Amino acid sequence: MKNKIYFKTKYSSPIGKLTLVCDDKESLAGLWIEGQKYFGCSIDAEIIENNSLETFKKAKSWLDRYFMGRKPEISELSLAPIGNNFRQQVWQILCKIPYGKTVTYGEIARIIAKENGKEKMSAQAVGNAVGHNPISIIIPCHRVVGANGSLTGYAGGIETKIKLLKHEQTDISHFFIPKTKQKL
């Protein structure tokens with residue numbers, strides 16, 4: 001069996017350097033903020049730099065428009081995030097969160113439970129899937145917040161999450177950054 005090859009390119013954004021990765025079918029498989037947690041963890045194959053692919057041109061155009069304050073549709077891009085069925089289900093829900101809006105991990109857990117005919121689903125499991133979203137910004141995991149209003153759980157960092165929410169003109173006045181445990 002032939003090993004799958006992936007391609008990558010870089011994009012300079014207002015929140016830092018981004019790495020975009022696509023598969024050999026030219027579907028976007030990754031978009032990571034430099035230094036983010038789980039950077040590239042879903043790609044277990046050779047990644048070759050190629051700045052001229054049409055997929056990257058479309059993704060960069062999407063990002064240009066996004067950072068100019070427009071609201072490009074996710075459906076404009078061919079996406080192929082790598083993850084199990086549960087994660088795929090969570091990421092599909094993330095794609096439905098409108099610009100300027102937020103949902104909680106618990107709300108997503110209730111949707112997943114209902115879709116799967118279960119009484120309930122773990123918000124913590126949802127948080128894990130959200131945190132491992134391999135296509136940041138485009139699959140808008142930054143729009144997920146804690147039930148108590150905490151701005152938590154963004155692999156790209158809380159400050160980046162805040163920048164993205166403010167960029168989308170989300171009212172974040174009722175949110176807070178959780179205090180981390182201090183080492184003594």
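Keep in mind the model is a prediction, meaning the values are calculated, not measured. For this chain, numbers begin at 1 and follow the sequence in order.
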Smallest separation among heavy atoms of [X] and [Y], with atom names:
X      : Y      : result
Ser27  : Ala80  : CB-CB, 3.6 Å
Ala125 : Ser122 : N-OG, 3.0 Å
Ala29  : Pro134 : O-CB, 3.8 Å
Trp62  : Pro72  : NE1-CB, 3.3 Å

Hey, any chance [X] and [Y] share a hydrophobic cluster, counting ILVMFWY side chains that come within less than 4.5 Å of each other, even indirectly?
X      : Y      : value
Phe175 : Ile177 : yes
Leu18  : Ile162 : no
Met121 : Val103 : yes

N/O donor-acceptor pair under 3.5 Å between [X] side chain and [Y] backbone:
X      : Y      : answer
Asn50  : Ser52  : yes
Thr170 : Ile172 : no
Asn133 : Ile139 : yes
Thr160 : Gly156 : yes
Gln88  : Pro81  : yes
Lys161 : Thr152 : yes
Thr104 : Ala147 : no

How long is the gap from [atom1] on [X] to [atom2] on [Y], to the nearest 0.5 Å?
X      : Y      : atom1 : atom2 : result
Leu77  : Leu63  : CG    : CG    : 8.0 Å
Leu79  : Ile74  : CG    : CD1   : 7.5 Å
Thr9   : Leu53  : OG1   : CG    : 8.5 Å
His132 : Cys141 : NE2   : SG    : 11.5 Å
Lys71  : Glu73  : NZ    : CD    : 10.5 Å
Ile137 : Trp32  : CD1   : CH2   : 12.5 Å

Please say whether more than 12 non-hydrogen atoms of neighbouring residues, nucleotides or ligands are located less than 6.0 Å from [atom1] in [X].
X      : atom1 : answer
Asn148 : CG    : yes
Glu54  : CD    : yes
Lys60  : NZ    : yes

Test item: [X] and [Y] side chains (from C-beta on) under 4.5 Å apart, heavy atoms:
X      : Y      : answer
Leu28  : Lys58  : no
Tyr105 : Val144 : yes
Thr102 : Ile97  : no
Leu165 : His142 : yes
His167 : Tyr66  : yes
Tyr154 : Ile33  : yes
Gln89  : Asn85  : no
Ile93  : Val126 : no

Could you go through Asn51 and Tyr11, starting from their C-alpha distance and side-chain angles, then the distance that decides it, and tell me whether this counts as side-chain contact (heavy atoms from CB on, under 4.5 Å)? CA-CA 10 Å; Asn51 300 310; Tyr11 177 87; over 6 Å; no
Could Arg70 and Tyr99 be counted as a cation-pi pair, given that NZ or CZ must be under 6.0 Å from the ring centre and within 45° of the axis?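 That pair does not qualify as a cation-pi contact.
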Which is it for Ile138 and Ile135 under the side-chain contact (heavy atoms from CB on, under 4.5 Å) test, yes or no, and what are the steps along the way? CA-CA 6 Å; Ile138 294 171; Ile135 306 179; 3.9 Å; yes
When you check the gap from the basic side-chain N to the acidic O, do Lys101 and Glu168 get nearer than 4.0 Å?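 A salt bridge is absent here (no side-chain N lies under 4.0 Å from a carboxylate O).
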Determine whether Glu76 and Arg65 satisfy the following criterion, salt bridge (Lys or Arg N to Asp or Glu O under 4.0 Å), listing intermediate values before the conclusion. CA-CA 12 Å; Glu76 295 175 25; Arg65 288 178 285 133; 2.6 Å; yes
Kindly indicate, with the supporting measurements, whether the criterion side-chain contact (heavy atoms from CB on, under 4.5 Å) is fulfilled by Cys22 and Tyr6. CA-CA 6 Å; Cys22 76; Tyr6 289 84; over 6 Å; no
Using the test side chain to side chain contact (heavy atoms under 4.5 Å, CB included), find all partners of Glu119 that sit at least two apart in sequence or belong to another chain.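 Glu119 satisfies side chain to side chain contact (heavy atoms under 4.5 Å, CB included) with no other residue.
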For the pair Thr19 and Glu34, evaluate side-chain contact (heavy atoms from CB on, under 4.5 Å) and give the outcome as yes or no after the intermediate values. CA-CA 7 Å; Thr19 298; Glu34 191 170 68; 6.0 Å; no
Side chains of Arg87 and Asn128: donor-acceptor distance under 3.5 Å anywhere? yes
